[in-house]
Amino acid sequence: MEQTNKFKEIEVKWRKYWEEHPELYRADDKSDKKKFYVLNEFPYPSGSGLHVGHAFSFTGGDVYARFKRMQGYNVLFPMGWDAFGLPTENYAIKMKKKPQQVTRENTDMFRSQMKKLAFSYDWSREVNTTDPKYYKWTQWIFIKLFEAGLVYKKEMPINWCPSCKIGLANEEVVDGKCERCGTEVSRRNISQWVVKITDYADRLIDGLKETDFIDKVKQAQINWIGRKEGLIIDFLVENRDKKISCFTKYPETIFGTTWVVVSPEYLDLDSLVTVEQKQEVTKYIEESKKKNELERTSGTSEKTGVFTGSYVVNPVNRKKIPVWIGDYVLANFGTGAVMGVAPHDSRDFMFAQKYGLEMIQVEVPKNDSTYIIDSYEKVIEDGVMINSEQFNGMKARNEAYKAICDWMVENNWAQRKIEYHLRDWIFSRQHYWGEPIPMIFCENCAKNKFSIFNSQFSIKDKKIKESSYGWMPIPENQLPLVLPEVEAYEPTDDGLSPLSRIPEFVNCVCPKCGGKAKRETDTMPNWAGSDWYFLRYCDVNNDIEIASQDKLERWLPVDVYIGGDEHNTLHLLYSRFIHQFLYDIKAVPTPEPYKMRMSHGVILGPDNARMSKSKGNVIVPEVVADKYGVDVVRMYLMFMGPFTGTMAWSENTLMGVKRFLNRFEKYIVNQISDLRFQNNASNKEVKVIINKLVEGVTKDLETFGYNTTIAKLMKALNEITISKKQFPKEDIEVLIKLMAPFAPYITEELWSKVGAHGNASVHQQLWPVAEEKYLSEETVVIPIAVNGKVRSQLSITNYELRIEEKEIIQKARELENIKKWIDGKIIKKEIYIKGKMVNFVIEG
RNA sequence: GCCGCUGUGGUGAAAUUGGUAUACACGCAAGACUUAAAAUCUUGUGGUCUCAACAACCGUGUGGGUUCGAUUCCCGCCAGCGGCACCA
């Protein structure tokens, strides 16, 4: 009890001191010191406050920032709020409060909790995505994208959540259900703003080369973009002046193509269906319409289809092959038509088997020319070509792919094509609590086919140009377009944004013709504000630029970006895309925003399950900190396991960390009281312990090895207390410094007690550097092995490390326990690894 | 199914470039202090054999391989976790 109160006293005292000295953690825009930018993903300030996941991730960032600061870097370590979004809107509706007010309450709560946990943010750089001064620039980015022809309006079937009454991006649909509420998603046609992120697909892959992201993250990005090279092959329809184009990644299988399938939504479908087949086709299409998206796209379902009655010609061998309709073909991928090669695609195999279509195998495994494929599980990926005329005998993927592509393109049967899994990004949301999209639509100008692209920009894509008729961004000097405060936030039943019910907002004047015009009433998705927030931290108060070039050049790129796995694909991709675009229009000085991405682990509940209110296993960091002390919680979080790992909360382990901190404090206090009486002289044994510790801690901190850093500190304290040596003041100070990033309160208190530093905080001190001469010990113990098995040890002093190999081996031979093994045996080989190992290889 | 990751004590986990496997902590056991409890401190703690110690043997999911020597590198398999899935 007494102990706990002491912790609290210290915490209150130093929190007040830090509050009064904000310059401690301020990033300096003018300093000559080398910069270092540590970024934690900014949180969504929910009503339930800071959870353990936040505390874990933020402590990890804070330790790193404190470490780098002490190493003498000019550190930028900022924090802000990603505050737009549905939960706040829903909560506001429920509580009959304004979202603006809810956001203010929540961010106030988060900020004070963060201060309590001693996160060393530069609070003068706080940003909030819902602040008009901030979203002015989110809107500005949208306008720039529009001007560059990277945003267009499109009437398109979107994923519609009937419960949230909102359109969802593909990314927000999980298992066919709404990511937020779990309701099954349906399709709905709505005119949406769409961002052409696909234009940047290759750049987003290539740019990864310039980053130090861990492989896992790079791979996730590459997979999501899903670049696929292949051909679009044209199949001419018999007796009609038409063609069906199919995209394929595997053009080398063209000689095995024995049919073509189109999706039920295929545009030209009517002209392909013969009179005899008409009835059957109509029936099939009716049935497939009844299936929902989930049924149609579950990989295991039966492949069904119907013959159209038409035939096309396989260009490479003039063979007549049938055209089918099948709902396993997707209308919105590739060309909506697929060539069927039964033996080399598992779906095609199932389809061919069901309808008795011809199968021609065109590849065999490298060593077995008699191999026949008779099941969809045996599809060959890379074999040797057969049944393919002049290409027979070639290796399929390496040689035949290239040769067949060249040959077909030369003959005008096909064109090269790259497809992506990545789709354009639906940017419209029909909700209140988001950035208003700063666009105006003028019907009059639309009738006159006015497009701002006509006069200002050269946009090649005809569809994009047409979609822009009548649409204009609001003039830049009118930004920000402020979200009006309204009484009702509920979306309308027809799915329109609540803003559409406010005539004062909707009705405006056309900037072009001066006539009556209407504003866009959709708002932007959550991602819009979080794509670029790291830029704003560099220059928060700038109201003429997104941030000044000068300051961006000083701080970019972000040196370490710490966040969760769940943002490794979407957020990171969107954010990199926006940054690359801003680089192209010369608004930012670096091609990539983040140098290194660190993805932190997950803290599970004490029951080893994900924390959730319904399971009742939620740990609230604030509550634990009140009980045991902030430093204990911080240090425990960092000690639990590797920073990237998944681990369960355990009160027992936390108690171990608490014991350690108590022992540490007690030890230092005892030493300090001794210091007054004696001037302890430096002692070599002590110096070795301290310097090895400095070296190890520094190295581990650098690579986020927090758990081993703390283990080393614990081990050193054990050694120190056992040795019962008196420590000189300078070494006591080193110990306090090494602990400072983890335990800011206790170390600050001890630092003030150790004395003679004026008013300087421990967090402003320079990080100790290990002295080379103390890093090697007096004596080294070398294991001696026989046939690789350690049988004995040999103690040698440093001096002897320099003596002849022969002498070491001779000494090793003379050891009792070694003699036992080697006497009377023939030694085939003697191996000595300097300072590490001796191994005798004997016969038998 | 595909992609990625991970398998080490009773538990969370360490192990540099291939060089003494299990650091650090938890838990457990015994002991000290205490009227008692808590707290604190000390000692022990992979397995087999042994009264015990020494020694020996076995041990990093599993089966092989490379090597003087493999938790680490290579090949095959098994189990678990995460992500994506009729993407042609």
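Numbers restart at 1 for each chain; the letters A, B, ... are given by sequence-line order, proteins then strands.
- A/V841 comes within 4.0 angstrom of the backbone, heavy atoms only, and of no base.
- Here B/G10 is in the anti range [glycosidic angle more than 90° from 0].
- In this entry B/U11 has B/A25 as its Watson-Crick or G-U wobble partner, both defining distances falling under 3.5 Å.
- For the pair A/I833 and A/M647, nearest-nucleotide mapping onto RNA chain B gives the more 5' position to A/M647.
- Remark: C1' of B/G83 and CH2 of A/W224 are 10 Å apart, rounded to the nearest angstrom.
- Computed from coordinates, the A/K715 NZ to B/A15 C1' distance equals 11 Å when rounded to whole Å.
- Remark: B/A37 base-pairs with no nucleotide in the shown strands. Criterion, Watson-Crick or G-U wobble with two distances under 3.5 Å.
- For a distance-only test at 3.5 Å, the side chain of A/R663 fails to qualify as a donor-acceptor partner of the base of B/C41.
- Looking at A/K216 and A/D565, a side-chain N of the basic residue comes within less than 4.0 Å of a carboxylate O on the acidic one, giving a salt bridge.
- For A/D424 (side chain) and A/T198 (main-chain N/O), a donor-acceptor pair under 3.5 Å exists by modelled atom type.
- As rounded to the nearest Å, B/A70 and B/G65 have C1' atoms that lie 11 Å from one another.
- Across all strands shown, B/C54 has no partner, as no Watson-Crick or G-U wobble contact with both distances under 3.5 Å is found.
- Between A/F643 and A/F704, the two ring planes are parallel [angle under 30°; tilted spans 30° to 60°].
- Salt bridge status for A/R416 with A/E229: absent, with no side-chain N to carboxylate O gap under 4.0 Å.
- If you take atom C1' in B/G7 and the same atom in B/U72, they sit 14 Å apart, rounded to whole Å.
- Atom name C1', nucleotides B/U16 and B/G9: the rounded distance is 24 Å, in whole Å.
- Taking the nucleotide of RNA chain B with the nearest heavy atom to each of A/P642 and A/A337, the more 5' of the two is matched to A/P642.
- Among the nucleotides B/A88, B/C87, B/U20, the one closest to any side-chain atom of A/M837 is B/U20.
- Rounded to a whole Å, the NE2 atom of A/H421 is 5 Å from the P atom of B/A85.
- Nucleic acid contact class of A/V781 (heavy atoms, under 4.0 Å, all strands): base.
- Using the Watson-Crick or G-U wobble rule with both distances under 3.5 Å, B/U71 pairs with nothing in any strand shown.
- Between the CG atom of A/D345 and the P atom of B/C86 there is a distance of 13 Å, given to the nearest Å.
- Side chain of A/D327, nearest nucleotide from B/C87, B/G19, B/C86: B/C86.
- Expressed to the nearest 0.5 Å, how far CE of A/M714 lies from CG of A/L661 amounts to 8.0 Å.
- The CZ-P distance, from A/F351 to B/C86, rounds to 17 Å in whole Å.
- Using a 4.0 Å heavy-atom distance criterion, A/Q793 is classed as a base contact.
- No N or O donor and acceptor, one from the side chain of A/K228 and one from the base of B/C87, sit under 3.5 Å apart.
- Nucleotides B/G12 and B/A52, compared at atom C1', are 33 Å apart to the nearest Å.
- Across every strand in view, B/C77 sits in a pair with B/G61 that passes the Watson-Crick or G-U test at under 3.5 angstrom.
- Closest contact between the side chain of A/T708 and the listed nucleotides B/A14, B/C24, B/C68 involves B/A14.
- Spacing between atom CG of A/L693 and atom C1' of B/A23 amounts to 14 Å, rounded to whole angstrom units.
- Partner assigned to B/G1 is B/C84, using Watson-Crick or G-U wobble distances below 3.5 angstrom.
- Counting to the nearest Å, the P atom of B/U40 and the NZ atom of A/K666 are 9 Å from each other.
- One can place NZ of A/K712 at 14 Å from C1' of B/A13, the figure rounded to the nearest angstrom.
- Under a 3.5 Å cut-off, the side chain of A/R597 and the backbone N or O of A/F213 do not form any donor-acceptor pair.
- A cation-pi geometry, defined here as NZ or CZ lying under 6.0 Å from the six-membered ring centre and within 45° of its normal, holds between A/R397 and A/Y401.
- Using a 4.0 Å heavy-atom distance criterion, A/R791 is classed as a sugar-phosphate-only contact.
- Of the candidate nucleotides B/A25, B/U20, B/A88, B/A88 has the atom lying nearest to any side-chain atom of A/V329.
- Contact annotation for A/W821: backbone-only contact, meaning every heavy-atom pair under 4.0 Å involves sugar-phosphate atoms and none involves a base.
- When the C1' atom is compared between B/G19 and B/G69, the two are found 7 Å apart, to the nearest whole Å.
- Listed candidates were B/A21, B/C24, B/G19. Nearest to the side chain of A/K836 is B/G19.
- Considering only side-chain N and O atoms, A/K829 lies under 4.0 angstrom from the phosphate OP1 or OP2 of B/C68.
- Side-chain nitrogen and oxygen atoms of A/R659 include at least one within less than 4.0 Å of the OP1 or OP2 phosphate oxygen of B/C26.
- Checked for salt-bridge contact, A/E651 and A/K627 meet the test: a charged N lies under 4.0 Å from a carboxylate O.
- For B/A29 and B/C78, the P atoms lie 41 Å apart once the distance is rounded to whole Å.
- When the nucleotides B/U40, B/A88, B/C84 are ranked by their closest atom to the side chain of A/T248, B/A88 comes out on top.
- Within 3.5 Å, a donor on the side chain of A/N839 pairs with an acceptor on the base of B/C68, or the reverse.
- Contact annotation: A/N662 side-chain N/O to B/A39 OP1/OP2 distance is not under 4.0 Å.
- When heavy atoms are screened at a 4.0 angstrom cut-off, A/D565 is found touching no nucleic acid atom at all.
- Between the P atoms of B/G61 and B/U50, the separation comes to 29 Å (whole Å).
- The side chain of A/N707 lies closest to B/A13, out of B/A13, B/C58, B/C26.
- A/T253 and A/H344 share no donor-acceptor pair across their side chains, judged by distance under 3.5 Å alone.
- In this structure, A/S650 reaches neither bases nor backbone, as no heavy-atom distance under 4.0 Å exists between it and the strands shown.
- For the residue pair A/Y328 and A/D348, a side-chain donor N or O sits within less than 3.5 Å of a side-chain acceptor on the partner.
- Within 4.0 Å (heavy atoms only), A/G334 reaches no atom of the nucleic acid at all.
- With C1' as the reference atom, B/A23 and B/U71 are 15 Å apart, rounded to whole Å.
- Contacts of A/K828 with the nucleic acid, taken as non-hydrogen atoms under 4.0 Å apart, are absent.
- Candidate nucleotides B/C87, B/U16, B/C26 were compared by shortest atom distance to the side chain of A/R423, and B/C87 ranks first.
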